[in-house]
Amino acid sequence: MDASLDHFGVLQIEPTDVCNLSCSMCAPHHDGWEQIHGVPKGRMDLDVYRGIVQGLADEDCRFDHVIFQWLGDPSLHPQLEDMVGLAAEHLGARVGYLRVDTNAIVLTPARMDRLLDLAERWPQVPLLLVFTIDAVTPETYLRVKGQDALLRVRRNVRHLLRRRAQRGVAVNVELQFVLQEGNAHEAGAFIQYWSDFLECQGGSAGHTDIMIKRLSVGAGGPGQLEADELYERTVRSQGIRAEVREHIEVKVWEARPWESTASTDGARQPCPGLWMTPVIRHDGHLMMCCADLGGDLDLGSLEESSFRELWEGPVALQRRVDHIQGRFEGVCADCGGINWYTTTDEVIEDTLRRAAK
């Protein structure tokens with residue numbers, strides 16, 4: 001995706017930074033950080049969220065899509081479904097689609113039905129549910145996720161897929177396998193398991209894809225190259241390829257996710273995260289980048305200022321100019337640089353024009 005001047009990229013909203021897993025790939029929860037963003041862990045207040053969403057609508061803020069998730073599992077917010085519904089109501093005409101990323105452990109069949117209800121009520125706003133499962137056997141799930149919950153996850157996800165087909169509700173689903181040292185041997189089996197299930201019971205309502213995803217290590221830091229090489233070696237040795245079948249689409253992540261390990265030449269490029277990845281933290285603060293775990297790129301509270309005031313304000317502008325001029329300071333100095341979006345010449349020129357005013 002290229003940074004565009006007609007929308008603000010991909011908005012992430014963090015319902016909570018609490019998680020019920022301790023995945024080996026996720027340092028904050030695996031290592032038990034007491035704080036993740038430099039603020040106490042918590043859940044977004046629904047009234048605060050309602051005000052933020054209304055503010056985005058009032059300012060006609062447009063996004064490629066909205067993701068409900070950052071550094072926790074959004075399903076642990078008891079009002080997640082209400083949050084998705086409010087976004088559909090107020091932002092539906094301003095976003096390409098809404099997306100929820102979850103491990104599905106506590107998304108019971110009843111809650112899955114509520115998500116289908118929302119999609120049925122707002123058919124003009126596509127809904128994508130991304131279930132990060134990462135294993136085929138309970139032993140592997142326990143190894144990489146830290147909990148013995150695979151059978152519960154399967155029950156919940158299979159219910160959603162069956163009910164989607166029965167009701168004919170066009171909810172899109174991605175079944176995700178983040179390939180890493182502890183589960184690489186099961187990547188091909190993961191595709192086969194869910195392909196077989198969908199062929200038998202999944203029906204044709206909505207689009208379903210199976211994503212074999214690259215692992216991100218420390219924002220492209222030490223260990224990222226090894227993770228990339230494991231991914232490429234595994235995909236090649238197991239014969240995994242991108243393909244469209246009758247009932248599913250298999251996706252592989254062709255490009256390396258971080259500039260630090262991608263095949264790039266020359267000086268480091270301005271990171272598109274500063275233009276394309278606004279994040280609203282669970283306390284209502286607007287952050288500039290999804291890779292900023294510590295919360296260094298905090299622009300301020302959306303209860304006190306509007307999105308446009310912060311995202312187009314002097315602090316954000318200066319940080320972008322710093323990148324354009326080759327200054328990577330603070331959290332950006334040690335980051336590998338996002339490689340899944342592109343900062344275009346048009347965007348750079350527009351930023352410099354704004355700075356010159």
Side-chain angles (χ1 to χ4, degrees), residues 15-34 36 41 69-77 80 100-112 129-162 173-198 201-202 208-218 222-224 226-231 233-235 237-238 240 248 250-253 257 293:
T16 180
D17 59 353
V18 175
C19 190
N20 50 356
L21 289 174
S22 54
C23 300
S24 56
M25 64 182 178
C26 179
H29 298 296
H30 182 266
D31 298 342
W33 295 8
E34 292 185 7
I36 298 178
K41 293 181 182 179
Q69 193 264 341
W70 188 18
L71 293 173
D73 195 281
S75 64
L76 294 178
H77 196 299
L80 171 63
V100 178
D101 285 42
T102 175
N103 58 43
I105 291 175
V106 300
L107 277 181
T108 61
R111 294 187 71 186
M112 291 292 195
L129 303 178
V130 177
F131 301 120
T132 304
I133 304 175
D134 301 342
V136 176
T137 63
E139 295 78 16
T140 296
Y141 191 94
L142 176 61
R143 182 185 310 121
V144 300
K145 311 289 271 186
Q147 297 287 340
D148 182 12
L150 178 61
L151 299 183
R152 195 183 335 165
V153 169
R154 281 183 177 166
R155 177 201 66 186
N156 295 338
V157 173
R158 288 191 305 233
H159 173 87
L160 183 280
L161 294 171
R162 289 193 192 102
V173 172
E174 179 171 289
L175 305 166
Q176 197 171 92
F177 185 98
V178 181
L179 193 151
Q180 54 203 282
E181 192 66 47
N183 68 2
H185 62 289
E186 291 190 353
F190 182 85
I191 295 172
Q192 193 63 51
Y193 175 89
W194 287 106
S195 178
D196 289 347
F197 175 83
L198 286 158
Q201 303 183 50
T208 306
D209 66 68
I210 299 175
M211 167 66 82
I212 306 301
K213 186 177 179 181
R214 290 179 183 263
L215 175 68
S216 292
V217 182
Q224 185 64 55
E226 290 79 6
D228 286 334
E229 291 174 341
L230 173 64
Y231 182 93
R233 188 167 61 250
T234 300
V235 167
S237 66
Q238 296 187 24
I240 298 170
I248 62 161
V250 177
K251 293 183 177 181
V252 296
W253 198 329
L293 271 63

Are N103 and N20 linked by a side-chain donor-acceptor pair shorter than 3.5 Å? yes

Residue set satisfying salt bridge (charged side-chain N to carboxylate O under 4.0 Å, His left out) with K213, at least two apart, ordered chain then number -> none

With F190, which residues qualify under side-chain contact (heavy atoms from CB on, under 4.5 Å), at least two apart? I133, V136, L175, F177, W194, I210, I212

Please determine if R154 forms a cation-pi arrangement with Y193, meaning its NZ or CZ atom is less than 6.0 Å from the six-membered ring centre and no more than 45° off the ring axis. yes

From E226 atom CD to L230 atom CG, the distance as rounded to the nearest 0.5 Å: 10.0 Å

Closest contact, heavy atoms only, N156 versus T108: OD1-CA, 3.8 Å

Taking atom OG of S216 and atom CG of D228, what is their separation to the nearest 0.5 Å? 8.0 Å

Just checking, any donor-acceptor pair under 3.5 angstrom between side chains of D73 and Q69? no

Working to the nearest 0.5 Å, report the span between CD of Q201 and CZ of R162. 4.5 Å

Looking only at non-hydrogen atoms, find the nearest pair between T102 and A104 and report the distance. OG1-N, 3.0 Å

Across all chains, not counting sequence neighbours, the side-chain contact (heavy atoms from CB on, under 4.5 Å) partners of E229 are L225, R233, R256

Going from CG on L150 to CD1 on I105, what distance comes out if it is rounded to the nearest 0.5 angstrom? 9.5 Å

For A187 versus I240, what's the shortest heavy-atom pair and its separation? CB-CD1, 3.7 Å

Short side-chain to backbone donor-acceptor contact, N183 and V178, under 3.5 Å: yes

With heavy-atom distances below 4.5 Å as the criterion, would you say the side chains of H185 and T137 are in contact? no

Results of side-chain contact (heavy atoms from CB on, under 4.5 Å) for S195 - residues two or more places apart only: R245, H247, I248

Just verifying a value: how many Å separate E174 CD and F131 CZ, rounded to the nearest 0.5 Å? 11.0 Å

Residue list, salt bridge (charged side-chain N to carboxylate O under 4.0 Å, His left out) with R111, at least two apart or on another chain: E81

Indicate the atoms forming the closest heavy-atom contact of P74 with V100, along with that distance. CG-CG1, 4.1 Å

Please check if the side chain of D17 supplies one atom and the backbone of W70 the other of a donor-acceptor pair under 3.5 Å. no

State, to 0.1 Å, how close Q224 and V217 come at their nearest heavy-atom pair, and which atoms those are. OE1-N, 2.6 Å

CG (L107) and CG (L160) are apart, to the nearest 0.5 Å, by 8.5 Å

Whether over 12 other heavy atoms sit under 6.0 Å from Q238 CD: yes

Excluding sequence neighbours, so at least two apart, what forms side-chain contact (heavy atoms from CB on, under 4.5 Å) with A135? T140, Y141, E186

